[in-house]
Amino acid sequence: MREQAAFEARTLVRQSNVCVISTISKNLAGYPFGSVSPFMSDNEGRLIFYIAGIAQHSRNLSEDGKMCATVFDAAEQGDQNAHARVTVVGDAAPVPADEHDALLTRYERQYPEAISYRQAHDFQLWRMDVKRVRYIGGFGHIFWIEKDEWYQAAPQWDLENEAHMVNHMNEDHSDANRLILKLIHGIDCDEVVMTTLVSDGCYLRANEKNYYIQFDNPCLESIDVRKALVKLTKAARAQESTTEIDS
């Protein structure tokens with residue numbers, strides 16, 4: 001049950017592009033300060049933020065790295081408390097210089113609008129190491145998830161390998177991107193690009209929005225990623241053929 005809860009919580013975080021982040025206020029000492037921010041997650045499950053130097057969160061984290069990030073399944077109607085939410089608690093620090101450029105390039109693939117931030121307000125990447133996670137999947141489905149339950153094994157492929165796989169999909173298999181998005185999310189769009197990969201899924205971007213595609217199993221080797229994408233592509237093509245026959 002705990003393993004399933006960790007999977008559900010991690011999937012909700014993967015599916016989310018925006019969270020509410022709370023830091024310890026420097027201006028109002030001791031009080032929490034919350035705001036909304038885009039984020040991305042890495043293979044292990046750490047969260048990455050791109051924050052302006054003039055922002056309150058940047059000033060707060062420079063004084064005290066403790067923070068939390070909350071994502072939730074927004075209810076279109078009915079009781080919001082019946083829907084899932086996750087609060088990730090941890091400690092944030094600036095991304096080290098030797099990792100910064102590659103990670104920023106990855107962030108900008110997922111959020112192309114962030115490219116313009118390089119010229120404004122001294123933006124900086126922050127990464128949160130997870131201490132504990134609170135998951136509420138609905139009434140009575142409540143867990144504290146420890147960090148060893150949250151973190152996933154790091155894959156054998158790195159950011160350079162990821163960029164190569166993403167470029168390959170966009171340059172040689174753009175039709176597969178389109179069909180996979182239609183298969184999983186029911187969205188038919190002519191322009192679909194893959195932006196990023198994590199060990200348990202990938203992100204496709206269409207209509208200026210990111211969509212998460214879950215793999216059946218974590219992919220720790222590059223060949224595993226290929227197999228997962230081939231499987232998704234075959235399923236998508238099969239659905240497309242069935243749709244054409246039915247019509």
Side-chain angles (χ1 to χ4, degrees), residues 1-19 38-48 69-74 76 83-88 106-107 109-111 130 133 135-138 141 143 145 149-157 159 161-163 165-166 168-170 173-189 192-207 209-240:
M1 182 177 292
R2 293 187 61 81
E3 184 176 347
Q4 178 62 26
F7 171 79
E8 292 172 5
R10 194 180 301 110
T11 299
L12 181 54
V13 169
R14 295 288 200 211
Q15 292 171 339
S16 303
N17 295 298
V18 176
C19 67
F39 75 97
M40 71 175 183
S41 54
D42 66 11
N43 287 300
E44 291 90 333
R46 297 172 297 182
L47 306 187
I48 296 101
T70 300
V71 302
F72 57 93
D73 177 22
E76 296 184 5
H83 290 252
R85 56 269 199 196
V86 180
T87 297
V88 183
R106 181 180 189 265
Y107 186 94
R109 287 203 310 270
Q110 192 159 333
Y111 299 105
V130 177
V133 176
Y135 173 58
I136 302 176
H141 193 54
F143 297 86
I145 299 168
E149 297 173 303
W150 179 259
Y151 279 141
Q152 299 192 112
Q156 297 301 308
W157 43 274
L159 291 178
N161 300 137
E162 177 195 347
M165 290 186 283
V166 166
H168 174 67
M169 286 297 295
N170 290 332
H173 302 288
S174 58
D175 60 328
N177 291 338
R178 182 180 64 81
L179 292 174
I180 291 171
L181 181 64
K182 187 176 180 180
L183 172 71
I184 302 301
H185 290 282
I187 296 170
D188 193 358
C189 182
V192 181
V193 297
M194 182 176 292
T195 61
T196 46
L197 282 161
V198 285
S199 58
D200 45 358
C202 67
Y203 289 88
L204 298 177
R205 187 172 179 86
N207 301 320
K209 184 178 179 180
N210 295 313
Y211 297 90
Y212 179 61
I213 309 296
Q214 182 88 40
F215 294 156
D216 288 342
N217 298 291
C219 298
L220 300 182
E221 303 279 351
S222 296
I223 188 63
D224 297 329
V225 176
R226 180 181 181 279
K227 289 178 180 178
L229 292 172
V230 167
K231 183 177 180 179
L232 282 165
T233 302
K234 287 182 176 179
R237 292 195 192 284
Q239 183 192 63
E240 190 81 351

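For the single chain, residues carry numbers from 1 onward in sequence order. Only this structure's heavy atoms are used, side chains among them; waters, hydrogens and symmetry mates stay out. Since we're looking at a predicted model, the values are computed, not measured.
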Look at the aromatic rings of Tyr135 and Phe143 and report parallel, tilted or perpendicular, splitting at 30° and 60°.
parallel
Output yes when Asp216 and Lys227 qualify as a salt bridge under the 4.0 Å nitrogen-oxygen rule, no when they do not.
no
Any side-chain heavy atom of [X] within less than 4.5 Å of one from [Y]?
X: Arg237; Y: Asp175; answer: yes
X: Thr233; Y: His173; answer: no
X: Ile136; Y: Phe72; answer: no
X: Tyr211; Y: Ile187; answer: yes
X: Val88; Y: Phe39; answer: no
X: Leu47; Y: Ser41; answer: yes
X: Phe7; Y: Asp200; answer: no
X: Leu197; Y: Cys202; answer: yes

Checking [X] side chain against [Y] main chain: does a donor-acceptor pair fall under 3.5 Å?
X: His185; Y: Ile180; answer: no
X: Asp42; Y: Glu44; answer: yes
X: Tyr212; Y: Val13; answer: no
X: Trp150; Y: Ile145; answer: no
X: Arg109; Y: Met194; answer: no
X: Tyr111; Y: Met40; answer: no
X: Asp73; Y: His83; answer: no

Per side chain to side chain contact (heavy atoms under 4.5 Å, CB included), Cys219 is matched among Asp224, Leu229, Val198 by Asp224
Taking all non-hydrogen atoms of both residues, which atom of [X] and which atom of [Y] are closest, and how far apart?
X: Ala206; Y: Val192; result: CB-CG2, 4.0 Å
X: Tyr203; Y: Asn210; result: CD2-CB, 4.5 Å
X: Pro38; Y: Tyr107; result: CB-OH, 3.7 Å
X: Val71; Y: Ser16; result: CB-OG, 3.7 Å

Distance from [X] atom [atom1] to [Y] atom [atom2], nearest 0.5 Å?
X: Lys182; Y: Leu204; atom1: NZ; atom2: CG; answer: 14.5 Å
X: Met169; Y: Arg226; atom1: CE; atom2: CZ; answer: 10.5 Å
X: Gln214; Y: Arg10; atom1: CD; atom2: CZ; answer: 9.5 Å
X: Asn177; Y: Cys189; atom1: CG; atom2: SG; answer: 11.0 Å

Using side-chain hydrogen bond (donor to acceptor under 3.5 Å, both in side chains) as the criterion, point out the one residue from Gln110, Glu162, Arg205 that pairs with Thr196.
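Of the listed residues Gln110, Glu162, Arg205, the side-chain hydrogen bond (donor to acceptor under 3.5 Å, both in side chains) partner of Thr196 is Gln110.
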Please say whether more than 12 non-hydrogen atoms of neighbouring residues, nucleotides or ligands are located less than 6.0 Å from CZ in Arg2.
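More than 12 heavy atoms, drawn from other residues, nucleotides or ligands, come within 6.0 Å of this atom.
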